[in-house]
Amino acid sequence: MKTKELASFADAVRDIPDGASIAFAGFGPVGVPYNLLNALAEQGAKNLTCVANTTGGAGQPRMPDIGRLVEQGQVRKVICSFTAATRASDQLPFTKYYESGEVEAELVPQGTLAERLRAAGAGIPAFYTPAAVGTELAEGRETRSFGGRDYLLEHALPVDYAFLRAWRADAFGNLLFRRSQRNFNPVMAMAARITIVEVEEDILPIGGIDPDEVHTAGIFVHRLVRIPPAPAGIWQPGPREVRR
Amino acid sequence: MKTKELASFADAVRDIPDGASIAFAGFGPVGVPYNLLNALAEQGAKNLTCVANTTGGAGQPRMPDIGRLVEQGQVRKVICSFTAATRASDQLPFTKYYESGEVEAELVPQGTLAERLRAAGAGIPAFYTPAAVGTELAEGRETRSFGGRDYLLEHALPVDYAFLRAWRADAFGNLLFRRSQRNFNPVMAMAARITIVEVEEDILPIGGIDPDEVHTAGIFVHRLVRIPPAPAGIWQPGPREVRR
Amino acid sequence: MSGTKGLSRQQIADRLAFEFQDGWIVNLGVGMPTLCSNTDIGDTQIIYHSENGVIGYGPLAEPGKEDPHLVNAGGQNVTLRPGAAIVHHADSFAIIRSGKIDVTVLGAYEVACNGDFANWKMAGAKGGGIGGAMDLAACAKRVFVIMEHTTRSGGPRLIARCNIPVTARGVVTRVATNLGLFEPLGEAFLMHEIAPGITVEEVRAQTGAEVRVPDRLPTFRLAR
Amino acid sequence: MSGTKGLSRQQIADRLAFEFQDGWIVNLGVGMPTLCSNTDIGDTQIIYHSENGVIGYGPLAEPGKEDPHLVNAGGQNVTLRPGAAIVHHADSFAIIRSGKIDVTVLGAYEVACNGDFANWKMAGAKGGGIGGAMDLAACAKRVFVIMEHTTRSGGPRLIARCNIPVTARGVVTRVATNLGLFEPLGEAFLMHEIAPGITVEEVRAQTGAEVRVPDRLPTFRLAR
């Protein structure tokens with residue numbers, strides 16, 4: 001097997017064309033592929049469809065996230081479970097572009113978002129879910145009763161690329177995530193044609209992870225880049241770096 | 001947390017009523033809960049619906065499996081991906097009861113079977129799949145086109161009980177499977193109201209398995225029984241016992 | 001809540017936490033609901049589930065001992081209890097949708113006496129923040145709401161019908177506010193307990209739906 | 001196949017394995033298809049996937065070195081190659097259904113020139129053995145069939161339309177038999193290669209559909 005490790009984040013995102021759909025893993029600051037996001041902002045692809053839990057943070061200093069891609073005019077549409085901040089007082093970078101109509105948004109319940117990605121990776125074109133029944137999100141859409149309860153039809157959400165952040169990887173692309181870093185990473189890898197991963201530790205030789213412990217199998221992974229130490233590499237914000 | 005470990009297989013299956021639906025894990029001889037199957041055969045519950053990959057083996061010596069439950073008159077219906085042997089020359093114990101009409105069968109493609117169990121454990125009442133489109137199994141059933149391709153509607157398959165076999169467990173029921181032992185075990189645990197597990201190694205204290213390595217979380221597991229050494233315990237047939 | 005009559009935010013959260021039963025799997029929403037995990041509920045063992053795939057988390061990490069790879073739904077650095085397990089997002093919501101969450105405690109802008117509630121979109125807003133709330137609200141065995149009884153301008157939040165887009169319909173079974181503990185009955189709220197120093201008339205004046213009161217109205221429970 | 005003209009079972013399997021490309025994910029059905037993993041294909045790296053959740057298995061285990069926890073789809077004790085990973089059954093079929101299998105090689109009772117094939121149920125049988133064949137046949141990027149050209153009684157297996165219940169419709173792109181290598185074209189089979197010592201007339205006599213033959217018909221390839 002050939003290694004999937006590349007030398008730089010720029011190499012890993014170079015071929016991403018205008019109009020691509022990209023899923024970005026992460027929940028809160030954990031598991032967000034900040035280095036790949038940064039490289040994409042520098043690469044400059046436009047007219048992107050971005051799939052993620054949120055459009056990014058309101059905090060300072062600003063981390064590279066979808067909000068930054070939006071500010072740079074790279075984004076056509078977002079598909080997220082948050083298109084506004086959880087606190088009314090926070091103003092996301094994304095919000096003004098959305099309100100002005102410059103960027104489209106599709107707001108999706110978080111479990112539906114995860115399941116639509118999983119469905120794309122599982123060859124399931126559509127499924128039924130109880131989430132959002134009776135709400136504004138269900139208006140004009142197909143609902144159907146099973147066993148006396150109403151469900152909403154939801155469609156698979158395949159993407160061209162997935163950007164992941166993993167704790168450990170072997171050179172074939174088998175991945176391990178640490179604690180809540182796992183979040184959307186595995187289902188986004190399943191949903192994508194091309195999966196690109198930033199990795200926190202040195203990439204292990206092929207077979208360096210026990211087959212029983214693999215979280216995402218290497219067949220779902222196409223490109224790996226090791227995150228260099230700061231300041232060249234971007235590490236997640238947090239109270240302190242705990243690495244082992 | 002209280003331990004979920006019970007002293008005997010008889011204790012673990014004592015309350016199973018007539019008419020229960022039970023999913024039995026295993027693929028080939030690996031991961032089959034032979035000890036729980038044996039206890040159920042001794043317990044004698046009748047009119048059961050049995051969900052598994054196959055109805056059991058044709059080989060001798062006969063292992064406790066669904067075929068044995070069928071021979072004892074305990075089974076009303078099976079839901080399986082095999083209701084005949086893969087070789088025309090093998091005759092399964094199940095076959096004559098099926099052909100005579102004493103036992104019903106629902107034949108399901110293996111991937112559909114796994115996904116219907118997973119759907120039950122994921123709160124998805126129904127989904128669409130490309131498997132079996134255009135075949136006898138699709139006759140009279142709902143098909144639907146998505147993106148120009150036809151798919152078949154399939155329903156979730158919840159069960160009352162799941163019988164599992166794991167390699168390691170902690171006392172809260174977090175499970176590890178070894179190699180291809182994993183097979184149907186995790187999705188059957190998700191699909192069941194009550195999950196009962198036979199465990200190959202001594203049951204670990206709660207927290208004895210790293211949270212990142214757990215294959216099936218303890219919230220899905222209700223009863224654990226450690227398999228005693230043979231001859232009291234039934235071990236899977238195989239070229240030899242590799243245990244560590 | 002300092003400076004207002006009634007109850008502190010922690011006391012409101014405590015009251016709902018007293019309902020938790022041994023062995024329950026509990027999911028706490030962002031904000032006031034997270035206070036429920038501070039409540040002293042004695043030997044009662046709760047399994048806290050967080051939508052980002054953490055099963056069995058414990059108290060917040062002590063300062064300086066945070067694991068940056070581990071946060072709860074609110075982004076707080078938590079700890080893991082023995083027996084914890086991690087799953088990915090689709091499996092985490094599989095747990096939610098399949099009804100394995102015994103109770104979810106959520107914040108809200110509005111709760112109606114028919115059990116509807118709204119917590120994801122402000123009046124007139126274009127965007128919203130759903131997160132996992134719609135999945136949780138539609139699928140948890142019980143939905144408890146914790147909220148201030150009125151808006152900042154004094155308008156009612158417990159009302160006859162929601163004015164803003166709902167999160168789920170007919171699901172709320174308990175509402176704890178700084179004025180009391182309520183149950184949506186359909187056409188009215190039943191007040192189960194009232195905050196110390198508050199009168200029924202004050203509650204009714206600040207509620208946008210009928211409030212029914214039992215013959216004997218207990219004071220809001222402040223301890224197990 | 002000893003005693004008959006044409007090709008050995010291993011030679012038939014080899015011919016299909018020569019089509020495997022570097023990096024392909026390959027799923028081999030039970031029986032003759034498993035012989036494909038014995039073929040010498042040089043440096044070509046194949047990832048063998050087994051429906052029971054094994055990604056990256058290798059040769060059969062040596063006698064005495066079997067791991068009883070590890071079998072392939074046919075129940076054989078296999079080994080793992082470096083980089084292997086294990087998934088559960090639903091994730092294994094997620095890989096299949098989402099089109100990540102580059103080729104599946106399956107056995108069959110019948111293949112029709114319209115690409116239909118049948119391998120799960122005998123004529124007149126009440127039960128059947130589907131296993132993972134319907135998922136694989138419907139979803140793999142390519143479906144190759146390996147089979148004996150005729151039944152034990154000499155009847156054709158390559159036919160115009162299947163007589164017994166099909167596994168999937170219009171999916172087969174290559175059929176290798178002891179008489180040659182064929183492609184279902186719609187209304188006929190195209191013979192790409194012919195077994196040594198066999199004549200076109202013999203093939204046509206044993207085939208239940210039209211067999212088209214190119215101007216220059218190569219002999220069945222026996223080595224890479």
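Residue numbers begin at 1 in each chain, while the letters A, B, ... track the order of the sequences. Owing to the predicted nature of the structure, the values given are computational and were not obtained by experimental measurement.
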### Query
So which part of A:Ala132 gets closer than 4.5 Å to some heavy atom of chain C, the side chain, the backbone, both or neither?
both
### Message
What I'd like to find out is whether the side chain of C:Trp120 reaches to under 4.5 Å of the side chain of A:Glu136, using heavy atoms alone.
### Response
yes
#### Entry: C:Leu136 portion near chain A, given a 4.5 angstrom heavy-atom threshold
neither
### Message
With a 4.5 angstrom heavy-atom cut-off, is it the side chain or the backbone of C:Thr167 that approaches chain A, or both, or neither?
### Response
backbone
## Note on the structure
dist C:Glu51:CD -> A:Ser81:OG (nearest 0.5 Å) comes out at 7.0 Å
### Query
Less than 4.5 Å apart, any side-chain heavy atom of C:His88 and any of A:Asn183?
no
### Task
Search all heavy atoms of A:Ala84 against all heavy atoms of C:Gly127 and return the closest pair with its distance.
CB-C, 4.0 Å
### Message
Heavy-atom pairs under 4.5 Å with chain A - which of C:Ala90, C:Gly75, C:Ala61 has more of them than the others?
### Response
C:Ala90
### Task
For the pair A:Arg118 and C:Asp91, find out whether any cationic side-chain nitrogen is under 4.0 Å from an anionic carboxylate oxygen.
no
### Message
Let's test your reading of the structure: which of C:Gly128, C:Ala118, C:Pro165 forms the most heavy-atom pairs below 4.5 Å with chain A?
### Response
C:Gly128
### Message
Return the CZ to OG1 distance between C:Arg97 and A:Thr129, rounded to the nearest 0.5 Å.
### Response
5.0 Å
### Task
Counting only heavy atoms closer than 4.5 Å, note whether C:Leu70 contacts chain A via side chain, backbone, both or neither.
both
### Query
To the nearest 0.5 Å, what is the distance between CG (C:Asn52) and CZ (A:Phe184)?
9.5 Å
### Message
As a quick check of understanding, evaluate side-chain contact (heavy atoms from CB on, under 4.5 Å) for C:Phe93 and A:Glu115, giving each step before the final call.
### Response
CA-CA 8 Å; C:Phe93 279 88; A:Glu115 191 67 13; over 6 Å; no
### Message
Between A:Arg116, A:Gln181, A:Arg182, who has the most heavy-atom pairs with chain C when the cutoff is under 4.5 Å?
### Response
A:Arg182
### Query
Taking all non-hydrogen atoms of both residues, which atom of A:Pro130 and which atom of C:Ala138 are closest, and how far apart?
O-CB, 3.6 Å
### Task
Measure A:Leu92 against the heavy atoms of chain C and call it side chain, backbone, both or neither at under 4.5 Å.
neither
### Task
Hey, can you tell me if A:Phe27 and C:His89 have their rings parallel, tilted or perpendicular (30° and 60° cut-offs)?
tilted
### Task
Please look at A:Thr95 and chain C and tell me whether the side chain, the backbone, both or neither of the residue comes under 4.5 angstrom of a heavy atom of that chain.
neither
### Task
For residues A:Leu107 and C:Ile130, determine if any side-chain heavy atom of one lies less than 4.5 Å from a side-chain heavy atom of the other.
yes
### Task
Could you please spell out the steps behind the side-chain contact (heavy atoms from CB on, under 4.5 Å) verdict for A:Arg179 and C:Leu80?
CA-CA 9 Å; A:Arg179 305 309 188 217; C:Leu80 295 179; 3.7 Å; yes
### Task
Of all the heavy-atom pairs spanning C:Asp135 and A:Pro109, show the shortest one and how long it is.
OD2-CB, 3.5 Å
### Message
Are more than 12 heavy atoms, taken from residues, nucleotides or ligands other than C:Glu187, located less than 6.0 Å from that residue's CD atom?
### Response
no
### Task
Mark yes when over 12 heavy atoms from residues, nucleotides or ligands other than A:Lys96 sit less than 6.0 Å from its NZ; otherwise mark no.
no
### Query
Are the side chain of A:Ser180 and the backbone N or O of C:His69 linked by a donor-acceptor pair below 3.5 Å?
yes
## Note on the structure
So, the part of C:Val54 with a heavy atom under 4.5 Å from chain A: the answer is side chain
